[in-house]
Amino acid sequence: MGPLIPNGFIPDEWNNIIAIIIGLAFGYILEASGFSSSRKLAGVFYGYDFVVLKVFFTAAVIAVIGIFYLDYLGYLDFNQLYIHPTYLWGAIIGGIIMGVGFVTGGFCPGTSVCGAAIGKIDAMVFILGILIGVFVFSELYTLFEPIYDGYFLGNQTLMDSLGVSPYWFIFIFTIIALVAFFVVDQIRKKVKKVFY
Amino acid sequence: MNTEHQNRHVYWNPYFGGFLLGLLIIFTFYMTGRGLGASGAMKSSVVAIVDKVAPTHAENNAYYSKYIDEDKSPLNTWLVFEAIGVLLGAFISGSLGGRIKLKVEHSPKITSRRRLWFALGGGVLFGLGAQIARGCTSGAALSGMAVLSTGGFITMMAIFGTGYVVAYFFRKNWI
Amino acid sequence: MINRNLAKVLSFRYKILALVLVLLAAGLVLLPKYVKHEGISPKELLSNAISPERYISTDELAHKIIEQDPSFLLIDVRDEESFKKFSLPYAINIPLKKLLDEESVNYLDQDEYDIILYSNDHFYADQAWIICNRLAFKNHRVLEGGVNEWFATIINPEKPTENMPRLAFDLYSYRKAASMYFGVAYPEQARPAVSTTNKTKKRRVTVRKKKKMAAEGGC
């Protein structure tokens with residue numbers, strides 16, 4: 001049955017309207033969880049605020065469990081979903097660069113849009129930075145192309161690359177996330193509070 | 001202490017936010033078969049600007065030309081509409097929470113100017129990294145993890161792993 | 001009192017939520033796994049297969065063609081050579097081997113037209129019917145007896161003997177009229193210039209492609 005739009009249950013014209021609605025909810029949730037504040041976001045790296053980790057992992061766990069239940073019950077065809085492609089070194093190098101960017105800038109693209117929406121000037125500057133970054137990448141595309149297009153492993157899931165049963169993986173992933181929540185709370189108690 | 005009191009109930013419980021975000025991801029996949037994203041909208045904006053300013057250059061560049069379509073503006077993509085939604089949604093939430101204020105948020109130890117320069121630098125790095133990894137924290141890591149994509153997990157671990165490694169060098173900016 | 005009890009429960013709220021999450025995840029591990037079928041279940045297929053609706057008789061088909069009923073598609077599942085040699089009017093050729101090609105599926109998997117499959121007898125058409133039904137394509141029927149039956153009943157109807165009921169005579173005259181429509185000449189009619197070669201009439205059918213886009217990417 002699902003996904004609805006690619007299977008033609010909902011006409012394609014609705015796609016953009018649904019995009020705006022989904023975006024609205026996305027922005028609302030991010031902002032209401034405190035993702036529009038860069039110091040709150042950066043807290044995850046210094047141990048004074050783990051809201052990023054908590055929101056992020058809760059969302060991932062809930063989403064993956066929900067999607068697999070829907071798939072199991074036949075409402076959603078997992079094979080039709082978009083699986084983020086695996087370009088091994090692209091993912092690693094890109095991730096490293098983004099990690100440095102995260103700590104220096106204190107935002108990621110989605111949260112910077114939220115920050116900009118409520119008037120954070122640093123978020124607006126961050127967005128400007130992203131635009132410049134994309135521009136630099138595109139201008140030097142030939143230089144980056146080997147990493148960008150190389151080491152392509154296909155639209156792989158962990159089931160393909162690790163050979164594990166998805167259900168067991170989700171179970172272990174859930175437990176890891178719960179343990180992480182517990183540990184983080186312990187860390188937070190020890191770290192000196194930062195007010196912002 | 002006063003500040004802590006102010007901050008305590010302003011934001012949602014993170015688990016509640018995460019729960020709703022998880023439901024939203026499920027909904028997004030159920031409707032459209034794809035995940036959430038954010039940096040894609042900025043890529044489209046850059047393509048649109050370059051295409052407007054220097055059309056021939058944009059067409060000759062191997063990267064821009066992928067996203068230029070004769071009969072469709074590069075801005076007419078799903079992710080751009082989604083980003084508009086994010087902007088509106090965050091604004092609604094911010095105004096309901098009374099958080100709308102033009103300001104630069106920074107540690108008391110650094111100046112606003114320094115914060116802005118670092119924000120710009122971080123943005124440039126993020127923009128670059130997001131293109132190389134084909135997605136940012138929401139597109140690659142969050143939506144990728146929701147469908148157990150290997151690439152999503154690798155990107156997520158690379159972002160946060162590096163974050164912890166370099167966090168020490170930038171501590172003055174934040175604490 | 002209530003407040004105190006509530007507070008007691010609420011102090012465990014994170015543990016309870018964590019437990020719920022673990023149970024949900026464990027549910028995925030423990031639920032019995034099954035192989036997913038594409039299309040309809042074997043049970044449904046069986047009930048479709050024994051339904052009399054599955055076949056259409058040559059007389060009904062002749063009627064539909066003569067009436068120029070626009071609501072059906074006639075599909076020939078024989079190979080191309082036989083199709084060129086002889087085919088029913090307005091038929092489209094989709095050989096059994098190409099049944100699941102993308103192009104053919106556009107014709108077969110849609111709900112605008114009724115689809116009537118035929119082959120020389122109904123053996124191959126039945127095979128095609130089973131495959132299409134299994135994939136949950138709708139409104140498929142098989143021409144009973146296929147082309148052979150078509151010849152035996154419509155093109156060359158058997159003359160009833162005198163001891164047969166009147167119905168048989170009615171049927172005969174109906175079939176005779178139909179066969180004249182399809183270009184058969186009868187001596188008693190004395191219409192000289194009708195050729196018995198079956199001109200294959202072609203009908204242009206535009207079938208809307210079923211939308212099935214691949215989901216596209218994130219950032």
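A note on names: the letters A, B, ... follow the listed sequences, proteins ahead of strands, and every chain is numbered from 1.
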Checklist entry - Where on B/V50 is there a heavy atom nearer than 4.5 Å to chain A: the side chain, the backbone, both, or neither? => result side chain
Item to check | Closest non-hydrogen atom pair between A/H84 and B/G152, with its separation | outcome: CD2-N, 3.8 Å
Checklist entry - Could you give the distance from CD1 (A/I20) to CH2 (B/W78), rounded to the nearest 0.5 Å? => result 11.0 Å
Item to check | Nearest-0.5 Å distance that lies between atom CD1 in A/I130 and atom CG in B/L125 | outcome: 11.0 Å
Checklist entry - Is the number of heavy atoms from other residues, nucleotides or ligands within 6.0 Å of CZ (A/R188) greater than 12? => result no
Checklist outcome for this item: Value for CG (A/N15) from CZ (B/F81), rounded to nearest 0.5 Å, stands at 9.5 Å
Item to check | A/S38 side chain to B/R115 side chain, donor-acceptor N/O pair below 3.5 angstrom | outcome: yes
Checklist outcome for this item: Heaviest contributor of heavy-atom pairs below 4.5 Å to chain B, chosen from A/Y148, A/F181, A/F126, A/F26, is A/Y148
Checklist outcome for this item: Residue from B/H57, B/Q131, B/M145 scoring the most non-hydrogen pairs under 4.5 Å with chain A is B/Q131
Checklist entry - What are the residues of residues 58-68 of chain B, in order of number, with any heavy atom under 4.5 angstrom from a heavy atom of chain A? => result B/N61, B/A62, B/Y63, B/Y64, B/K66, B/Y67
Item to check | Contacting region of B/M157 [heavy-atom separation from chain A under 4.5 Å] | outcome: neither
Next on the checklist: Could you report the tightest heavy-atom contact between A/V113 and B/A83, atom names first, then the distance?
Outcome noted: CG1-O, 4.2 Å
Checklist entry - Pick from B/F27, B/W117, B/F126: which one has the most heavy-atom pairs with chain A under 4.5 Å? => result B/F126
Checklist outcome for this item: Against chain B, residues from residues 140-147 of chain A with at least one heavy atom under 4.5 Å, in numeric order, are A/Y141, A/F144, A/I147
Checklist entry - Which bit of A/Y46 comes within less than 4.5 Å of chain B, counting heavy atoms only: side chain, backbone, both or neither? => result side chain
Next on the checklist: Let me confirm one number: the NZ-CD1 distance from A/K120 to B/I100, rounded to the nearest 0.5 Å.
Outcome noted: 10.5 Å
Checklist entry - When only pairs under 4.5 Å are counted, which of A/T111, A/I67, A/D122, A/V44 shares the most heavy-atom pairs with chain B? => result A/D122
Checklist outcome for this item: Residues A/E31 and B/S93: closest non-hydrogen pair is OE1-OG, 2.7 Å
Next on the checklist: How close do B/L148 and A/M159 get, counting heavy atoms only, and between which atoms?
Outcome noted: CD1-SD, 3.8 Å
Checklist outcome for this item: Taken in chain and number order and not counting sequence neighbours, the residues that satisfy side-chain contact (heavy atoms from CB on, under 4.5 Å) with B/I49 are B/V53
Next on the checklist: With a 4.5 Å cut-off on side-chain heavy atoms, are A/L70 and B/F29 touching?
Outcome noted: no
Next on the checklist: Only pairs of heavy atoms separated by less than 4.5 Å count here; which of A/I132, A/I22, A/I127, A/V51 has the most with chain B?
Outcome noted: A/I22
Next on the checklist: At a heavy-atom distance under 4.5 Å, which candidate from A/C114, A/A123, A/S112, A/G43 has the highest pair count against chain B?
Outcome noted: A/C114
Next on the checklist: Please classify the contact of B/K101 with chain A as side chain, backbone, both or neither, using a heavy-atom distance under 4.5 Å.
Outcome noted: backbone
Next on the checklist: Is A/I92 in contact with chain B via its backbone, its side chain, both, or neither, using a 4.5 Å heavy-atom distance?
Outcome noted: both
Item to check | Side chain, backbone, both or neither of B/S107 within contact of chain A (heavy atoms, under 4.5 Å) | outcome: both
Item to check | Top contributor to chain B contacts, counting heavy-atom pairs under 4.5 Å, from A/F9, A/F50, A/F169 | outcome: A/F169
Item to check | For chain A, the option from B/A158, B/A41, B/G161, B/A141 that forms the most heavy-atom pairs under 4.5 Å | outcome: B/A158
Item to check | Worked verdict on B/M31 versus A/I10 for side-chain contact (heavy atoms from CB on, under 4.5 Å) | outcome: CA-CA 8 Å; B/M31 292 302 263; A/I10 296 177; 3.4 Å; yes
Checklist entry - Between OG1 of B/T162 and CD1 of A/I96, what distance do you get to the nearest 0.5 Å? => result 5.0 Å
Next on the checklist: Quick check against the 3.5 Å criterion: does B/T150 have a side-chain atom that pairs as donor or acceptor with the backbone of A/T157?
Outcome noted: yes
Item to check | Portion of A/F68 that has a non-hydrogen atom of chain B nearer than 4.5 angstrom | outcome: side chain
Checklist entry - Heavy-atom distance under 4.5 Å to chain A: side chain of B/N76, backbone, both or neither? => result side chain
Distance-only donor-acceptor pairs under 3.5 Å for side chains of residues 99-107 of chain A, two or more places apart:
| from | atom 1 | to | atom 2 | distance (Å) |
| --- | --- | --- | --- | --- |
| A/T104 | OG1 | A/V100 | O | 2.9 |
| A/T104 | OG1 | A/G101 | O | 3.2 |

Next on the checklist: Just so I understand: if I count every heavy-atom pair under 4.5 Å between each of B/I92, B/V104, B/L24 and chain A, which residue has the most?
Outcome noted: B/L24
Next on the checklist: So for A/D160, is it side chain, backbone, both, or neither that comes closer than 4.5 Å to the heavy atoms of chain B?
Outcome noted: neither
Checklist entry - Of the listed residues (A/N16, A/V64, A/L131), which shares the most heavy-atom pairs with chain B below a 4.5 Å separation? => result A/N16
Item to check | Part of A/I18 within contact of chain B (heavy atom distance under 4.5 Å) | outcome: side chain
Checklist entry - Can B/W12 and A/S33 be said to form a side-chain contact (heavy atoms from CB on, under 4.5 Å), step by step? => result CA-CA 5 Å; B/W12 284 351; A/S33 308; 4.2 Å; yes
Checklist entry - Shortest non-hydrogen contact from B/S149 to A/I83? => result CB-CG2, 3.7 Å
Checklist entry - Do you know the tightest heavy-atom contact between B/I132 and A/G90? => result CG2-O, 3.6 Å
Checklist entry - Going through the checks in order, is the side-chain contact (heavy atoms from CB on, under 4.5 Å) test met by A/F45 and B/Y168? => result CA-CA 9 Å; A/F45 295 118; B/Y168 180 80; over 6 Å; no
Item to check | Residue among B/Y15, B/F91, B/F170, B/F153 with most heavy-atom pairs under 4.5 Å to chain A | outcome: B/Y15
Next on the checklist: Counting heavy-atom pairs closer than 4.5 Å to chain A, which one of B/W174, B/F19, B/F118, B/Y164 comes out on top?
Outcome noted: B/W174
Item to check | B/L102 and A/I121: CA distance, side-chain angles, deciding distance, side-chain contact (heavy atoms from CB on, under 4.5 Å) verdict | outcome: CA-CA 7 Å; B/L102 213 56; A/I121 297 166; 4.1 Å; yes
Checklist entry - How about A/Y151: does its OH atom have over 12 heavy atoms from other parts shown lying under 6.0 Å from it? => result no
Item to check | Nearest-0.5 Å distance, OG1 of residue B/T28 to CG of residue A/L81 | outcome: 11.0 Å
